[in-house]
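All heavy atoms count here, side chains included; hydrogens, waters and symmetry mates do not. Order of listing sets the numbers, starting from 1, for every ligand and every atom in it. Predicted model only: the values in this text are computed from it and were never measured.
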Amino acid sequence: MRKTIIAGNWKMYKTITQAIELANGLKRELFVLDSQKIDIVICPAFTVLSEVAEVIADSNIQLGAQDVYWQQEGAFTGEISPVMIKDAGCQFVIIGHSERRQYFQETNESVNKKLKAAIKYGLTPIVCVGETLSERENAKTFEVLDDHIQNGLKDIDEENLLKIVIAYEPVWAIGTGRTATATQAEEAQKYIRVLLGKMYNKNTADKIRIQYGGSVKPENIVELLKEPDVDGALVGGASLEVETFADIVKKSSEVKK
Ligand code: PEP
């Protein structure tokens, strides 16, 4: 059985004071949940990682960063290394988010380098894949998933594949309020699992957690999670308020898989 994983991507929001307040609120709301049954992850901006790490240190909430560079250290002005991210208290890191692919020239090649670096330094990567609206409308969804998965995961062996979480995030559903239907999410996520089965083997593919991301809200999380290949969610906008994110996590913890 795959353990449900709900992650909040705080994107470029929250000052230090606001981030501490949000983390404290989540800790208060979510402490009753069993960390053996659900992974709860929050991914704030780099500038507040240490402060948030302190707040959630003795809680069932884990910390993730939103990006990482692939070098350990060096003259790479503006970049943050996996070692620094770990040092700040992170266990997870989001890699290849569509906003990075869209605005910051992220490619499958850079995703692949970041992925390998994250694994090397003991971080759990959340690798984002997914098609744009025009790609979907032109019946290219599966082609894009092939490209993102096969090239993003290039040379990742089976042992390391098991350390990865995949987030299926159709770009047209991110921040738009337009959620994929549960059927659309399941179709794509099942496709990803079958693809992983062909690249590795079915047994391993069946162990990989695949999250759905794209306008997840308390109102749609249960329906999405009921799908067999939806193992969690990557939540953007709705992770910025205690009430909505806590509601999503609580509802997720009650879905029987
Ligand atoms: C995201 O940032 O990964 C995301 C899915 O955003 P939203 O939930 O706001 O669509």
Side-chain angles (χ1 to χ4, degrees), residues 4-14 18-19 22-23 26 39-46 48-49 52 61-68 90 92-104 106 111 114-115 118 123-133 135-136 141 144-145 148-149 152 164-182 184-186 188-189 192 209-225 227 229-252:
T4 300
I5 173 167
I6 306 294
N9 172 17
W10 292 7
K11 310 197 189 207
M12 198 177 72
Y13 292 100
K14 306 293 175 188
Q18 292 166 339
L22 176 52
L26 292 172
D39 278 326
I40 311 166
V41 184
I42 50 178
C43 304
F46 291 128
V48 301
L49 285 175
V52 172
I61 304 175
Q62 302 175 81
L63 192 66
Q66 296 174 19
D67 190 20
V68 64
C90 291
F92 289 81
V93 60
I94 298 172
I95 295 176
H97 191 279
S98 65
E99 286 153 16
R100 300 223 56 90
R101 292 183 193 256
Q102 194 177 350
Y103 306 125
F104 303 101
E106 188 85 88
V111 166
K114 291 177 178 187
L115 181 53
L123 290 159
T124 299
I126 297 177
V127 183
C128 303
V129 300
E131 80 287 358
T132 62
L133 184 58
E135 287 163 344
R136 176 163 280 264
T141 298
V144 172
L145 294 178
H148 286 177
I149 297 277
I164 296 173
V165 175
I166 291 176
Y168 168 60
E169 297 215 305
V171 181
W172 48 272
I174 298 180
T176 59
R178 189 178 158 185
T179 322
T181 62
Q184 285 172 320
E186 172 60 21
Q189 300 194 193
I192 292 170
R209 294 187 291 178
I210 309 176
Q211 298 173 297
Y212 166 78
S215 300
V216 169
K217 305 182 258 297
E219 296 76 38
N220 57 27
I221 184 66
V222 172
E223 203 188 342
L224 286 158
L225 270 188
E227 295 294 338
D229 289 288
V230 179
D231 307 313
L234 181 53
V235 185
S239 72
L240 296 171
E241 300 293 332
V242 174
E243 206 186 350
T244 45
F245 191 64
D247 204 6
I248 289 170
V249 176
K250 284 180 194 166
K251 286 192 161 115
S252 302

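The 12-atom threshold is not exceeded at CD of Glu223, counting heavy atoms of other residues, nucleotides or ligands nearer than 6.0 Å.
The shortest distance between side-chain heavy atoms of Arg101 and Val111 falls below 4.5 Å. Looking at Val41 and Ile5, their side chains come closer than 4.5 Å, going by heavy atoms from C-beta outward.
Near Ala173, the atoms of ligand 1 lying under 4.0 angstrom from a non-hydrogen atom of the residue are 10 (O). Here is the list of ligand 1 atoms found below 4.0 Å of a heavy atom in Gly213: 5 (C). Near Gly214, with a cut-off below 4.0 Å to any heavy atom, the atoms of ligand 1 are 5 (C), 10 (O). Interface of Gly175 with ligand 1, defined as ligand atoms under 4.0 Å from a residue heavy atom, comprises 7 (P), 9 (O), 10 (O). The ligand atoms of ligand 1 that sit less than 4.0 angstrom from a heavy atom of Leu234 are 3 (O), 5 (C). Numbered from 1 in the order shown, with element, the atoms of ligand 1 that lie under 4.0 Å from a heavy atom of Asn9 read 1 (C), 2 (O), 3 (O).
At the top of the distance list for atom 1 (C) of ligand 1, counting protein heavy atoms only, stands His97 NE2, 3.2 Å. The closest protein non-hydrogen atom to atom 9 (O) of ligand 1 is Gly237 N, 2.8 Å.
Looking at Glu186 and Tyr168, their side chains never bring a donor and an acceptor atom within 3.5 Å of each other. Side-chain contact annotation: Glu241 with Thr244, donor-acceptor N/O pair under 3.5 Å absent. Asp231 and Gln211 share no side-chain donor-acceptor pair at under 3.5 Å.
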side-chain contact (heavy atoms from CB on, under 4.5 Å) between Ser252 and Lys250: does it pass, once the steps are laid out? CA-CA 5 Å; Ser252 302; Lys250 284 180 194 166; over 6 Å; no
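For a threshold of 3.5 Å applied to N or O pairs, the pair formed by Glu169 and ligand 1 contains at least one separation below that value. Checked by distance only, ligand 1 and Glu99 stay at 3.5 Å or farther apart across all their nitrogen or oxygen atoms. Looking at Gly236 next to ligand 1, an N or O pair under 3.5 Å apart turns up.
Using a cut-off of 4.0 Å between Lys/Arg side-chain N and Asp/Glu carboxylate O, Asp67 and Lys114 are scored as salt-bridged.
The closest approach between Ser98 and ligand 1 stays at or above 4.0 Å for every heavy atom of the residue. At least one heavy atom of Ser215 sits less than 4.0 Å from an atom of ligand 1.
The backbone N or O of Cys43 lies less than 3.5 Å from a partner atom in the side chain of Gln66, making a donor-acceptor pair.
For Ile174, heavy-atom contacts with ligand 1 shorter than 4.0 Å involve the backbone as well as the side chain.
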